Each structure stands twice: as structure tokens, then as C-alpha cells.
Amino acid sequence: MPTAVAGPEIERLIQLLARLPGLGPRSARRAALHLIKKREQLMAPLAAAIQTAFDRISICRVCGNIDSQNPCTVCTDPRRDPSVIVVVADVADLWALERASAINARYHVLGGTLSPLDGVGPQDLAIDALVSRAHEEAVKEVILALNATVDGQTTAHYITDLLHEAGVKVTRLAHGVPVGGELDYLDEGTLAAAIRQRTPF
Ligand code: ZN
């Protein structure tokens, strides 16, 4: 155990920062030092932003997104296409699709994927809520934007079966060559999927 170089308040700050994803103890120490040096310009606004977020953040009762308003900004945006629901496992996936400006639709956050090994069953995910949304008059298509993993695809099949009687089109993301990707570096599964899902040029 290394000896502390700072008082308990600063050590506590470093320990908390080190719990953030992507920050190990060394980066946390650097981040803490940076915050301390930029006390007025960065540390004070960051502390205030964290407090405000803590006070105001809630989970959208419609789609499961995280926002400071409920229903969330996406659900209340009148310019969104109400006929399409994009199903994602986590809020991080929703935010990634929004960053990419991939689609101007609404979302549904499942809160994970089915995983028998980890004991995650249908009752642990927001699947019932999705099925009832899919029955709404305006909804015509459900896009399953789930991970291309065994759990992601198991979840996609499970949901597709449940949505059968809702009379909506169920689609999923294409699998294949990433933008800027070189064929020689792709794994066999990805290459095979890319050939199977080829499109007219
Ligand atoms: Zn929402």
C-alpha cells in the first residue's frame, strides 16, 4: 500500500475518480490534480453540474432513456418519426445512435439483454412495455439495434417472436464490413455475414 501524498479529502476525490470507467488509479490522480489546479474554471462548475444532474435526472417512463425531463427529450420531440421504434440494450447504445445521427425515430431501452448464464430473464428487461408500445396505432416498424453477440441475437429472436401478432415490421441492424474496414483483418463470422447480407450496388 503506497503512502498517501495528500490529505484524506484529496485522497477520497482520487479514489472516487478511479471508479469511473476508463480511469485507473494513475489517471484518477492526474484528473484530480488537474481539477485542483483548475479549481475555479473546472472544479466548481463540474461539482455544480454533478449536483444538478443528481437532483434532476430521471428514467423516461416511456422509453427508459436517462434525461432531466420525463418523458425524455427524444420522446417529446414532435419532429421524430412516431412510426419507428429503435430497440437498444442500454442508454449508451441510444446515445451512440444519436451521436451518429443515424435515425430520427424513437427508442426503447431494454435495460440489458437476455443472458441465461447471468440469470437475466425476460422479466428483468423492459420487454412487456415494448410489446405494448408496438401495438400502438402509429407504430409500423421496430428496429432491433442489439449487439451482434450471442446474448444480443438471442434477445432479438425472443422479441421478434413476441412482436409477431403486433403486425409491425421487425428489422435488425446489418452485420458486415465496418466503414473504413479492411477485409483481410475481419474475422470469418463477420466476412460470412457480409457476404450473406450483400446489397445491390
Ligand atoms: Zn423517452
Side-chain angles (χ1 to χ4, degrees), residues 1-77 80 85-103 105-130 144-156 173 178-180:
M1 194 71 192
T3 45
V5 291
E9 298 81 6
I10 292 172
E11 285 297 328
R12 170 131 179 93
L13 175 64
I14 293 165
Q15 277 168 17
L16 289 172
L17 286 170
R19 288 194 207 166
L20 294 174
L23 282 192
R26 186 188 288 261
S27 327
R29 206 161 276 280
R30 279 185 18 220
L33 196 54
H34 186 73
L35 284 171
I36 291 163
K37 283 181 184 164
K38 304 264 176 194
R39 209 166 147 223
E40 294 302 324
Q41 308 99 300
L42 189 58
M43 199 178 200
L46 180 68
I50 288 175
Q51 186 61 56
T52 309
F54 179 81
D55 293 340
R56 300 212 35 199
I57 270 170
S58 61
I59 294 170
C60 175
R61 61 177 173 267
V62 178
C63 74
N65 189 16
I66 291 172
D67 202 351
S68 54
Q69 65 177 61
N70 194 351
C72 73
T73 311
V74 173
C75 284
T76 52
D77 182 352
R80 300 257 169 186
I85 297 175
V86 183
V87 178
V88 292
D90 288 303
V91 173
D93 303 327
L94 188 166
W95 289 3
L97 285 165
E98 282 294 294
R99 272 201 312 278
S101 302
I103 188 162
R106 301 213 164 103
Y107 292 90
H108 191 87
V109 181
L110 292 175
T113 44
L114 295 174
S115 177
L117 282 180
D118 297 323
V120 181
Q123 70 287 347
D124 300 310
L125 307 176
I127 291 178
D128 287 348
L130 170 64
L144 302 173
L146 299 169
N147 290 338
T149 57
V150 172
D151 287 349
Q153 295 312 298
T154 304
T155 311
L173 298 188
V179 174

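What you see is a predicted model, and the numbers here were worked out from it, not measured in a lab.
- No more than 12 heavy atoms of other residues, nucleotides or ligands shown are found within 6.0 angstrom of CD1 on I59.
- Minimum interatomic distance between G152 and T113 (heavy atoms only, all atoms of both residues): CA-CG2, 4.0 Å.
- Screening D93, L110, T154, L114 against L146 for a side chain to side chain contact (heavy atoms under 4.5 Å, CB included) leaves a single residue, L110.
- Side-chain atoms of Y107 and V74, non-hydrogen and from C-beta on, do get closer than 4.5 Å to each other.
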(request) Could you give me the CA-CA distance, side-chain angles and deciding distance for E11 and R29, then say whether side-chain contact (heavy atoms from CB on, under 4.5 Å) is met? (result) CA-CA 9 Å; E11 285 297 328; R29 206 161 276 280; 3.6 Å; yes

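- When the shell of 6.0 Å around CD of Q123 is examined, it contains more than 12 heavy atoms from other residues, nucleotides or ligands.
- In terms of heavy atoms, N65 sits closest to C72 at ND2-SG, 3.7 Å.
- With hydrogens and angles ignored, the 3.5 Å screen pairs a side-chain donor or acceptor of Q153 with a backbone N or O of N147.
- Within 6.0 Å of CG in D77 there are more than 12 heavy atoms belonging to other residues, nucleotides or ligands.
- At distances below 3.5 Å, at least one donor-acceptor pair connects side-chain atoms of H108 with backbone N or O atoms of A126.
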(message) side-chain contact (heavy atoms from CB on, under 4.5 Å), that's the test. Do L17 and L35 meet it? Break it down for me.
(response) CA-CA 11 Å; L17 286 170; L35 284 171; 4.1 Å; yes

(request) With side-chain contact (heavy atoms from CB on, under 4.5 Å) as the test, would you mind laying out the steps for S115 and D151 before giving the verdict? (result) CA-CA 6 Å; S115 177; D151 287 349; 3.2 Å; yes

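- With rounding to the nearest 0.5 Å, the separation of CD1 in I57 from CG in D67 is 8.0 Å.
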(request) For the pair M43 and L13, evaluate side-chain contact (heavy atoms from CB on, under 4.5 Å) and give the outcome as yes or no after the intermediate values. (result) CA-CA 11 Å; M43 199 178 200; L13 175 64; 3.8 Å; yes

